[in-house]
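The structure appears right after this line, and notes come after that.
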Amino acid sequence: MVNTDIAGRRLANQFIRSSASMKPEEVVRRLGALQAQDYLQAVWAIGLRTPSATLAQVERAVAERKIALTWTLRGTIHFVPPEDVKWLLQLCAPRLLRQAVRRMEQLELDEKTLGHARKIIYKALKNGGSIRRPDMLELLESEGIRTGGQRGYHILWHSAYSGLICFGPRSGKQQTFVLLDQWVEHSRELSFEESLSELALRYFTAHGPATVQDFAWWAGLTLTEARAGLDAVKSKLETDVFSGTEYWSPASSGGHMPATSEVHLLPGFDEYILGYSDRSAVLEPETAPLIVPGNNGVFLPTIAAGGQIIGTWKRTVKTKGVDLKFSPFTKLAQDHEERLMLAAERYAAFLGLPVLTIMR
DNA sequence: TGTCTTATACCATGGTTAGG
DNA sequence: CCTAACCATGGTATAAGACA
């Protein structure tokens, strides 16, 4: 059921409705982790949460190692604070590697082959360099390891969860890889229990109001583990009951902050939607399928008005500017229409490009 | 020469359901 | 509650050719 109270508080706690000015790395630290399956959408997920950041500033924060990029929660790529990569991997990797065993067998990637690949990758990166993805795959091929089909992707995925590599700064439009131990200068050491409670505190602080089921889904933990994490930090959180279900929020977020008529352009896979297993507070059941056409796990960029998802959008970057296409589910109210134009201007300013055309 | 269009290859999990 | 198996595509880079 749509709930404007939950929506308004999530907008504030997720820093989408922002009053403070934060640097890109502060956004990542406060959210704990931002899904970054699609790089160009993920940098905007950070930009959306900083009142004035530009694409160049976000990319610089990555290049200066203030933000790390690697596979973590749920087996997918996230922006995370560099000092947290190791304990997040210790928490997530064992289960994910176990679940991937069958897929690895299908791809004929046995432990011997994966170990051989890790040796090749380590040797190539140990002098502190970075290697572009196509060059890395070519290197593996030249050493006799086939990378066709999904093999190359899974070798890199497995190497990241083994703690060997993470993404480096982009080289042009290419991903690069670096050695995790060399890229991350300082790592926090947390026990399993400490990891659960730390992750729980971060999650509910920056995603609340949310349920323990939402947390388990977001973190890729079992419900049992998620409950243990939440139990350890309950005293630092406040609780509300909506429709008989318990929701947890940061203690400072009290009071009512109903969603206003503000309009935001969310990237695909944004934490505002992907951060919860139950998205019904911000998404009508009839429109939910429209943001994931084919129900295939590919989430389109969305338009949020008053905290509710009311349409999708897409952008096309051209040499002289950016084209925008908006696809609202229903005709927009006049004030939403006006604020949509402001959101478009903000997005273009993030890219450092003018808006060329706006289509419907 | 620079821009645009088109074809192609590749990259990236989330949802659902059955069964232990 | 948890795991395993299975199903389902849009976005983007890039190269080649068309075009102004």
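The sequence lines fix the lettering, A, B, ..., with proteins before strands; numbering per chain opens at 1. The shown structure was predicted, so the numbers you read here are calculated from the model rather than taken from an experiment.
The phosphate of C/dC1 (OP1 or OP2) has no side-chain N or O of A/Thr224 nearer than 4.0 angstrom. The side chain of A/Trp217 places an N or O atom within less than 4.0 Å of a non-bridging phosphate oxygen (OP1 or OP2) of B/dG15. Using a 4.0 Å cut-off, some side-chain N or O of A/Arg133 falls inside it from OP1 or OP2 of B/dA12. Between A/Gln35 and B/dG14 there is a side-chain polar atom (N or O) within less than 4.0 angstrom of OP1 or OP2. Of the side-chain N and O atoms in A/Arg227, one or more sit less than 4.0 angstrom from OP1 or OP2 of C/dC1. Between A/Arg74 and B/dG15 there is no side-chain polar atom (N or O) within less than 4.0 angstrom of OP1 or OP2.
Rounded to a whole Å, the CG atom of A/Asp323 is 15 Å from the P atom of B/dT3. Atom NZ in A/Lys314 sits roughly 8 Å away from atom C1' in C/dG10 (whole-Å rounding).
Among the atoms of the strands shown, none is found under 4.0 Å from any heavy atom of A/Gly152. Residue-level contact check: A/Phe269 touches neither bases nor backbone, having no heavy atom under 4.0 Å from any strand. Nucleic acid contact class of A/Trp157 (heavy atoms, under 4.0 Å, all strands): none.
When hydrophobic clusters are built by joining Ile, Leu, Val, Met, Phe, Trp and Tyr residues whose side-chain heavy atoms come closer than 4.5 Å, directly or via intermediates, A/Leu274 is grouped together with A/Leu283. Under the 4.5 Å side-chain heavy-atom criterion for ILVMFWY residues, a single connected hydrophobic cluster contains both A/Leu34 and A/Ile273.
In this pair, A/Tyr276 and A/His207 present their aromatic rings perpendicular. The plane angle is above 60°, beyond the 30 to 60° band.
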